[in-house]
Asks: 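There's a structure below that I have some questions on.
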There are 2 protein chains.
Amino acid sequence: MTQEIGRRPNIYDVASAAGVSKSLVSLVLRGAPGVSPARRAAVEEAIERLNYRPSRAAATLAGNRSRTIGVVLDDYRNLWFVDLLAGLHNQLAPLGYRVAVADPSFNARLDRTPVDGLMSLRVDGIVIATEPTEEMFAAVDVPAVVAGNRDMAVPGADVVANDDMMGGRLATEHLIGLGHRDIGHVTGGGGAARLRALGYDAAMQARGLRPHIARGQGLTTESDGYEAALKLLDENPSLTAIFAANDTMALGAAGAARDRGRRIPEDLSLIGYDNSPLASANLLRLTTIDGRNAEVGAGAARALLDRSQDPATQVRTVLVEPELVIRTSTAAR
Amino acid sequence: MTQEIGRRPNIYDVASAAGVSKSLVSLVLRGAPGVSPARRAAVEEAIERLNYRPSRAAATLAGNRSRTIGVVLDDYRNLWFVDLLAGLHNQLAPLGYRVAVADPSFNARLDRTPVDGLMSLRVDGIVIATEPTEEMFAAVDVPAVVAGNRDMAVPGADVVANDDMMGGRLATEHLIGLGHRDIGHVTGGGGAARLRALGYDAAMQARGLRPHIARGQGLTTESDGYEAALKLLDENPSLTAIFAANDTMALGAAGAARDRGRRIPEDLSLIGYDNSPLASANLLRLTTIDGRNAEVGAGAARALLDRSQDPATQVRTVLVEPELVIRTSTAAR
DNA sequence: TTGAAAGCGCTAACAC
DNA sequence: GTGTTAGCGCTTTCAA
């Protein structure tokens with residue numbers, strides 16, 4: 001053991017411990033074919049014995065690519081992204097790619113936008129899972145895909161999303177199918193909510209029903225849902241059903257219903273959107289629309305890989321079909 | 001503009017565009033003092049014009065440190081970590097450090113443990129915000145701190161946590177103070193839950209009250225809380241209050257109460273733990289214990305910085321005092 | 001199938 | 001206050 005104490009082993013240490021050259025070690029690390037089993041075993045044994053971990057910094061620098069995909073997230077509090085990340089990871093991990101998450105609220109002050117941090121990491125692609133800003137996409141110069149429907153288009157970026165308008169229609173038609181006629185909608189800010197509201201509106205109009213839409217002060221939080229639902233219930237006492245733009249707002253709406261003495265589903269049917277962990281909670285057992293975010297994530301990964309192979313690919317939009325998930329927060333009138 | 005198209009600008013490009021040497025650029029990047037205002041402005045202008053983003057890979061490799069702190073997270077679904085990250089970030093960002101998150105469920109298959117990935121990133125320190133495993137801390141060779149109380153101790157790592165036992169006592173004493181005598185506790189797996197249960201037990205014993213503890217099949221999820229609370233309510237119909245080991249389990253308990261026809265707080269008082277976003281939802285308005293996770297995060301950051309300055313520092317445990325947050329899920333008997 | 005050697009873009013120590 | 005230079009630990013030709 002000639003290795004100094006305290007120094008981290010590097011590829012040379014492994015190579016000499018295994019009695020091979022460092023290129024050979026590099027090949028083994030990347031699982032390249034055509035390395036003799038004996039040498040491969042020797043290298044693996046040396047890696048294990050020295051507790052060697054390759055430096056990603058060196059690999060990124062030398063290879064001029066990080067094998068990392070960056071994801072720009074909105075807010076950890078809204079759980080819709082969990083399946084998105086899982087879907088991304090499932091596609092990407094087998095190819096040796098990693099996922100790095102950037103939250104706009106963190107690492108601020110170090111970078112002007114979360115994208116800056118990812119560019120400094122030399123990510124090979126970016127998934128924008130938030131409402132994009134001009135500043136943000138000005139900084140991007142790798143393949144990018146926008147996950148989810150947004151108000152603003154990012155030039156040159158593919159879009160992979162669930163079909164929010166169809167989802168809004170599905171939700172509304174479910175309520176209509178249960179016999180409801182006075183159906184309110186609780187909406188918020190952002191492209192997805194806008195489309196869900198359009199779907200709601202289309203379904204109502206198609207049946208000649210009058211739409212009732214309300215929104216809170218902010219975006220799509222629980223308290224926005226609460227506020228908006230109160231407004232709806234107070235202005236339209238005959239309402240028998242509410243469609244909330246997402247599960248978090250539906251939680252708020254459930255609070256409003258409770259505060260107005262309306263039982264769910266006996267007095268008021270409630271449907272959400274996202275099929276987040278919240279929806280399956282026993283207190284809510286919320287009927288909701290599943291945007292199939294894992295498939296959105298997988299689609300985003302594929303779009304990124306396609307585009308990095310051929311940057312000139314036509315920009316496209318991929319829409320995943322949402323599904324109705326029936327629980328017990330909705331009932332026949 | 002002699003720069004090739006397509007190539008990313010590097011520090012040389014900036015230097016020559018600004019008419020200075022590359023060390024000067026490096027100094028400006030790190031905000032070093034003692035650079036003349038004129039040259040600093042020239043460098044900043046060049047950075048802006050070329051849209052230059054320094055390569056973190058190169059900086060890490062050359063500087064032999066990444067200025068990044070790694071955080072190992074449990075599960076995105078449980079929101080207790082949100083404030084922890086904020087606290088970490090607030091301490092670290094002014095010093096130019098970044099935070100990288102590793103989720104055990106992601107990036108699996110690439111690494112044996114999430115720690116491997118962070119070591120490959122050459123993080124300067126690690127915050128373990130999950131139940132540690134032997135495999136995990138065998139791989140760590142940078143300063144480490146465990147955030148939160150855990151079953152297993154990590155040798156050489158500081159611990160920063162809220163005082164879960166005191167919190168358990170606080171919660172229980174709040175209920176006792178409201179006149180409750182038949183108080184049940186819903187618990188789960190992990191070190192924090194164990195200590196919270198001890199606090200509950202101590203408070204009950206101190207008043208000569210008989211403890212009733214139940215747990216679900218799994219760890220500390222909503223459905224575990226639901227199951228355990230059902231058990232509690234069915235076996236002890238005289239129960240007038242429940243203390244749940246965290247807010248997520250409290251949500252489950254609220255579902256169980258509803259299913260057994262118990263109104264909160266009229267028929268049953270309910271208290272949670274964590275003061276997560278869930279607790280402030282209007283449907284719950286949950287009285288809870290605030291573990292002050294932002295301060296835990298800040299403490300973890302300080303512990304890491306202290307230890308990297310002097311690795312021989314005595315290992316210590318820092319306990320943050322939890323606080324009772326009263327909402328309307330608890331009421332006098 | 002394996003080895004040698006040239007960088008990748010930066011930091012830090014030192015010289016001026 | 002500013003410039004020069006030697007690596008950091010890898011990947012990637014290219015040759016053997």
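Just so we're clear, the structure is a prediction, and the values are computed from it rather than from any experiment. What's counted below: heavy atoms across the whole structure, side chains too, no hydrogens, waters or symmetry copies. So that the names make sense, note that chain A is the first sequence line, chain B the second, and so on, each numbered from 1.
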Asks: Side-chain N or O of B:R39 versus OP1/OP2 of D:dG3: is the shortest distance under 4.0 Å?
Replies: yes
Asks: Counting only non-hydrogen atoms, which of residues 18-25 of chain B are less than 4.0 Å from DNA chain D?
Replies: B:V20, B:S21, B:K22, B:S23, B:L24
Asks: Nearest-Å distance, CZ (A:R122) to C1' (D:dT11)?
Replies: 17 Å
Asks: To the nearest Å, how far apart are B:L27 CG and D:dG3 P?
Replies: 10 Å
Asks: Could you tell me the separation between the CD1 atom of A:I11 and the P atom of C:dA5, rounded to a whole number of Å?
Replies: 16 Å
Asks: According to a strict under-4.0 Å criterion, is A:R30 in side-chain N/O contact with OP1 or OP2 of D:dT12?
Replies: yes
Asks: Can a side chain N or O of A:T60 be found less than 4.0 Å away from OP1 or OP2 on D:dC10?
Replies: no
Asks: So A:Y76 and B:Y76, would you call those rings parallel, tilted or perpendicular, with 30° and 60° as cut-offs?
Replies: parallel
Asks: When the distance from CG of A:L61 to C1' of D:dC8 is rounded to whole Å, what number comes out?
Replies: 9 Å
Asks: For a quick check of understanding: with a heavy-atom distance under 4.0 Å over all strands, which category does B:N64 fall into, base, sugar-phosphate or nothing?
Replies: nothing
Asks: Tell me whether the side-chain N/O atoms of B:S26 come closer than 4.0 Å to OP1 or OP2 in C:dT11.
Replies: yes
Asks: With side chain to side chain contact (heavy atoms under 4.5 Å, CB included) as the test, would you mind laying out the steps for A:V123 and A:Y97 before giving the verdict?
Replies: CA-CA 10 Å; A:V123 293; A:Y97 283 83; over 6 Å; no
Asks: Start with the C-alpha gap between B:S55 and B:N10, add the side-chain angles, then the distance that decides, and say whether side chain to side chain contact (heavy atoms under 4.5 Å, CB included) holds.
Replies: CA-CA 8 Å; B:S55 160; B:N10 63 25; over 6 Å; no
Asks: Between A:V296, A:L304, A:L84, A:T317, which is the residue that forms a side chain to side chain contact (heavy atoms under 4.5 Å, CB included) with A:V160?
Replies: A:V296
Asks: Just the rounded figure in Å: distance from C1' of D:dT4 to OH of B:Y12.
Replies: 10 Å
Asks: Rounded to 10°, tell me the angle between the two end axes of the helix from C:dT1-D:dA16 to C:dC16-D:dG1, each built from five pairs.
Replies: 30°
Asks: Heavy-atom distance under 4.5 Å between the side chains of A:N293 and A:W80, does that happen here?
Replies: yes
Asks: Between B:L29 (CG) and C:dC10 (C1'), how many Å, whole number?
Replies: 10 Å
Asks: Taking the minimum atom-to-atom distance to the side chain of A:A62, which one of C:dC8, D:dT2, C:dC10 wins?
Replies: C:dC8
Asks: Taking side chain to side chain donor-acceptor pair (under 3.5 Å) as the criterion, tell me which of B:E48, B:R53, B:R49 meets it with B:N51.
Replies: B:R53
Asks: Starting from the C-alpha separation in whole Å, work towards a yes-or-no answer on salt bridge (Lys or Arg N to Asp or Glu O under 4.0 Å) for B:R307 and B:D158.
Replies: CA-CA 9 Å; B:R307 185 163 300 280; B:D158 299 302; 2.9 Å; yes
Asks: For A:R65 and C:dG7, give me the distance from atom CZ to atom P, rounded to whole Å.
Replies: 20 Å
Asks: How many Å lie between OH on B:Y52 and C1' on C:dC10, as a whole number?
Replies: 7 Å
Asks: What do the steps show when you test A:R56 against A:T68 for side-chain hydrogen bond (donor to acceptor under 3.5 Å, both in side chains), and what is the final call?
Replies: CA-CA 10 Å; A:R56 294 230 277 133; A:T68 298; 3.2 Å; yes
Asks: For the side chain of A:S16 and the backbone of A:G19, is there at least one donor-acceptor N/O pair under 3.5 Å apart?
Replies: no
